[in-house]
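Each ligand, and each atom within it, is numbered from 1 in the order the structure gives.
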Amino acid sequence: MGKALIIGAGGVGNVVAHKCCQVPEVFEELCIASRTIEKCDAIKAKLEGGKTKVTTAKVDADNTQEVIDLINKFKPDIVINVALPYQDLTIMDACLATGVHYLDTANYEPPDTAKFEYKWQWEYRDKFEKAGITAVLGCGFDPGVTGVFSAYAQKHHFDEINYIDILDANAGDHGYPFATNFNPEINIREITARGRYFEDGKWVETEPLEVKRVYDFPQIGEKDIYLLYHEELESLSVNIKGVKRIRFWMTFSQNYLTHLRVLQNVGMTSIEPIEFEGQKIVPLQFLKAVLPDPASLGPRTKGKTNIGCIFQGYKDGKPKTYYIYNVCDHQECYREVGSQAISYTTGVPAMIGAMMVLTGKWQKPGVYNVEEFDPDPFMDALNKYGLPWQESFSPKLLD
Ligand SMILES: NC(=O)c1ccc[n+]([C@@H]2O[C@H](COP(=O)([O-])OP(=O)(O)OC[C@H]3O[C@@H](n4cnc5c(N)ncnc54)[C@H](OP(=O)(O)O)[C@@H]3O)[C@@H](O)[C@H]2O)c1
């Protein structure tokens, strides 16, 4: 049916490539491209023998012309961007120049400011509409499936959603004293930022990790959770009509937070360049270089993740609560595709989103967040392709 160009060959790129190859009737050809071609070749080597034809290429996606040249050579129907958020705009520009659909899992962030928002990508709406191509933004798990869950709750369970709590729990243990589950630079920038949530039409700011609760997660148990700002809050506050409050919570262990505090206190999480032995280095980028590569955590990580959303609102005049979540086992993911659950829960939705576009189910010219499409075919695909969801109609609520 179609050809996909995957840009980025990290933990997530590996999962996307494996999952696309499980659906050869949709993904007839793949090109895995990244800055380091050896990483693309290593993924390709694991995929030999399947029906999908796989090639690799070297590309610097910070350079729009290089991406345009690659697109013109490979002629994909869609570009799946699983490089870093810094490349979103250059890749979107290349898609516009060549008339190819676009999908990513994280919104644009300027490298020199730790601030992520949809403003930059939403500005491309008219251009994509005029070009007749679709851009799907934020199609990992969170953002991604959390938006699809919200659209599904809105469509099938509520007349009015008032409160949404998004809960992201990772009870995986990789055995290292400190490591991040995805790109350390992106991950640490997110966690060390001030907290923020949406309430009564306004944004409320908190100190970083200031608000803490304890939640008893199905299949995982009790965990400390902290309020963070997360990018889907921005789009859901616009796209879920009538919502009064949306918050995002993530689990962190005391051990993780202690390490993070020390790294922050000594300046290692700073993104301000410093002079070191005659050259400028960014401390956070140096820290990334000495921390374990997230892609290497796969074989070591044991335990499960549980990510989902609790909704409160009204149906047929009566108050209703609804919790929908996925539980994913790190080792099962590793056995299937050679990556831990964080990469898996991001890569599977990216493949499904690309499949939605290629099969025409999610094709409408313009730039859209996932909750703006019909959630039903995506929800079916989650059950089919490795991220089955579960529901509860009487969950414990967060105050
Ligand atoms: N929505 C979600 O649920 C969710 C969850 C986790 C992660 N994510 C997002 O998923 C993306 C990938 O995460 P990851 O864990 O796979 O990261 P990763 O392991 O660091 O991999 C990133 C890949 O992008 C490549 N890359 C970086 N800059 C590039 C450039 N200028 N040109 C071409 N390739 C470039 C890297 O190449 P090198 O190896 O040469 O550096 C690497 O192959 C990130 O944007 C992250 O924010 C989303």
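- Identified under the ring pair (Phe, Tyr, Trp, His ring centres under 6.0 Å) test for residues 76-108, with sequence neighbours left out: Y108-W120.
- Between the side chains of E391 and Y322, at least one donor N or O sits under 3.5 Å from an acceptor N or O.
- A distance below 6.0 Å separates the ring centres of W362 and F378.
- A side-chain donor-acceptor contact under 3.5 Å links H18 to the backbone of N14.
- The immediate protein surroundings of ligand 1, defined as residues with any heavy atom under 4.0 Å of it, consist of G8, A9, G10, G11, V12, S34, R35, T36, K39, V59, D60, A61, D62, V82, A83, L84, P85, Q87, T105, A106, G140, F141, D142, P143, F182, N183, I186, T346.
- Proximity of a side-chain donor or acceptor of K75 to a complementary backbone N or O of N72 within less than 3.5 Å is detected.
- Aromatic ring orientation, Y229 versus W203: perpendicular (interplanar angle above 60°, classes split at 30° and 60°).
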